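The next block holds one structure in the form of structure tokens; read it before the comments.
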2 protein chains.
Amino acid sequence: MVDMANNDEVRPHRGRATGADAAWAPVTRSSTYELVIDAIEDQIMTGALVVGDLLPPERELASRLRVSRAGVREAIRVLEAYGVLRSEVGSGRGAGTFVSALPSAALEQFLRLHVALSNFRLEEVIEARILLERTSASLAAERVDAAALAELERLLAVMDAPDVSREAFNDADTAFHVAIARAGGNALFSDMTGAIRASLRAPILEAFTKVATWEDIAGTLREQHHGIFRAIADGRADEAAELTATHIRAASDMLPDLSTD
Amino acid sequence: MVDMANNDEVRPHRGRATGADAAWAPVTRSSTYELVIDAIEDQIMTGALVVGDLLPPERELASRLRVSRAGVREAIRVLEAYGVLRSEVGSGRGAGTFVSALPSAALEQFLRLHVALSNFRLEEVIEARILLERTSASLAAERVDAAALAELERLLAVMDAPDVSREAFNDADTAFHVAIARAGGNALFSDMTGAIRASLRAPILEAFTKVATWEDIAGTLREQHHGIFRAIADGRADEAAELTATHIRAASDMLPDLSTD
DNA sequence: TCCATCATGTGGTCAGACCACAGCGCGGTC
DNA sequence: GACCGCGCTGTGGTCTGACCACATGATGGA
């Protein structure tokens, strides 16, 4: 494997050596697909591959890297899972594997799985949610434009509908918060906001369905949403942030089953 | 594809119907490996699979799901990339594929790639860093224990060494901030702090090497680190948060190349 | 009793084949 | 000449079956 003529080198990738005792780090013998990932990643890190670029066909990549097509495909799957690559079948124009830019779906899947595995506690996730969204709300109050406000109003209307289902309410609720985050202008914030909401979707829906005082809760949430909207529309940044934090805390408290999992 | 006798079923997976106009959502025909992921994910979501559990052998899983082993392996790769699964070769005890819990490495890889692809701007990432770390510092000031303080002091000593290399300094710097985040007690925060630092490692190191006034910069950073440490050790939460925010902003400003990429 | 050896079961890798799909170009038809 | 249909081609998608590398644990001899 070392004499693989194509990969530049098996660079030690040692990295950190915070002290003399940190030397003799365990050797890591990479598997085939990891080497393929490294090869593609190098191209990305050096800027040789940018969003939109097409990769060589799987068969060619395999023969160039001297690995099987299966190894190449496993590497592509991983980078696809990160939202970095995308594959399309067919021929000509749109076909092939190319560099993509879809971090949000990957983040959602990632967080959803780890929340389900309890690798992150719900309180932690909610704490992160408050942190992100109060900042986003504040930013949104300063930067929001007419189109975003219209979208927010549309979502408020969906939630205000008297016959709205709990599921539809939750989806509009999610979209409302994500839209605010997007209006804040920070893509990382809005993607993480979406991912956090996606990771909480199942427990929230469960709590929504079980709760007896649904109409009361929905009423409170509606009021708070309208308050947040007005603060953002009027450009009152600090108030938008505070209302958002209060709103999220209230929502979490009203759904006690949320924390019992 | 429809008449493929092997897949159990192409269940619609429709799901949300927020309104009448949301009907007729595009059909999504999943690929084999996605179906395998869904199958494993279902087990995780329902709690049938928890951290530490062993999956059936690849060959058995393939025959049970009526797919090829390659398809199973691609699915396992993806979940491995998310830090949800891990595979070990061999036989008996430690061998096989089992449910894991290593979100941090996955988060690092993810963010590093997307920052390299400029899907997230550096300012966004730094904004997120400030948000997370100021909160972590505040939490750490309230909850820190002796062991964590000792570790922080050790890292300070590494950075204080007069002959420390710029790379070693940066690695200790990273470890210092991650240790604070960990002391804060929120795993999501500390994992994200680590991921953000990892995603910035290359640009930071580049800036470190190019900068002429290294000793001045290092001196400032050392001072600020000691200040943050004292505030945390003394339990002054607000001050720790403020100093951290100031520190990060200062570090970003001192490295102007950071924003030019 | 201990140690070397082999059998077994696991993931890791490979080669080769075929399928499904989408574009492109050729050729026939109007 | 313009249009349509059909097959050719190259792409990813999938499957099969084989073999390798590795760690364990059982087996059997010293």
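Just so we're clear, the structure is a prediction, and the values are computed from it rather than from any experiment. Residue numbers start from 1 in every chain, and the chains themselves are labelled A, B, ... in the order their sequence lines are given, proteins ahead of strands.
Comparing A:Ala70 and A:Gly90 by the nucleotide of DNA chain C whose heavy atom lies nearest to each, the residue mapping closer to the 5' end is A:Ala70. If B:Arg59 and B:Gly71 are placed on DNA chain D by their nearest nucleotide, the residue sitting closer to the 5' end is B:Gly71.
As a whole-Å value, the separation of B:Ile76 CD1 from C:dG12 P is 8 Å. The distance from atom CG of B:Leu65 to atom P of D:dT14 is 14 Å, rounded to the nearest whole Å. What separates CD of A:Glu58 from C1' of D:dT14 is a distance of 11 Å, to the nearest Å. The nearest whole Å value for the distance from the CG atom in A:Leu61 to the P atom in D:dG13 is 14 Å. What separates CZ of A:Arg66 from P of C:dC14 is a distance of 12 Å, to the nearest Å. Note: CD (A:Glu74) to C1' (C:dT13) measures 9 Å, nearest angstrom. In this structure, CZ of A:Arg93 is placed 14 Å from C1' of C:dC21, rounded to the nearest angstrom. Whole-Å rounding puts the A:Arg73 CZ to C:dC19 C1' distance at 13 Å.
Salt-bridge check for A:Arg112 with A:Glu108: failed, with every basic side-chain N at 4.0 Å or more from each acidic carboxylate O. One finds no salt bridge joining A:Glu74 and A:Arg77 here, because no Lys/Arg side-chain nitrogen approaches an Asp/Glu carboxylate oxygen to under 4.0 Å. The pair A:Arg73-A:Glu58 meets the salt-bridge criterion, with a side-chain N (NZ, NE, NH1 or NH2) lying under 4.0 Å from an Asp/Glu carboxylate O. Of the charged side-chain nitrogens involved, at least one lies within less than 4.0 Å of a carboxylate oxygen, so that B:Arg201 and B:Glu167 count as a salt-bridged pair.
Of the listed nucleotides (C:dC14, C:dA22, D:dA23), D:dA23 has the atom at the smallest distance from the side chain of B:Ser91. Taking only side-chain atoms of B:Arg69, from C-beta outward, the nucleotide of C:dA17, D:dA18, D:dC15 with the closest atom is D:dA18. Distance from the side chain of A:Ser31 is smallest for C:dG12 among the nucleotides D:dT14, D:dC15, C:dG12.
Judged by distance alone, the side chains of B:Glu80 and A:Tyr33 do bring a donor and an acceptor atom under 3.5 Å apart.
Between A:Thr32 and the phosphate of C:dG12, there is no side-chain N or O to OP1/OP2 separation shorter than 4.0 Å. Taking 4.0 angstrom as the limit, A:Thr97 places none of its side-chain polar atoms (N or O) nearer than this to OP1 or OP2 of D:dT11.
Sorted by first and then second residue, the salt bridge (charged side-chain N to carboxylate O under 4.0 Å, His left out) pairs with a member in residues 183-200 of chain B read B:Asp173-B:Arg197; sequence neighbours excluded.
Within a heavy-atom distance below 4.0 Å of DNA chain C, the residues of residues 80-89 of chain B found are B:Ser87, B:Glu88, B:Val89.
The backbone N or O of A:Phe98 lies less than 3.5 Å from no partner atom in the side chain of A:Arg86, so there is not a single donor-acceptor pair.
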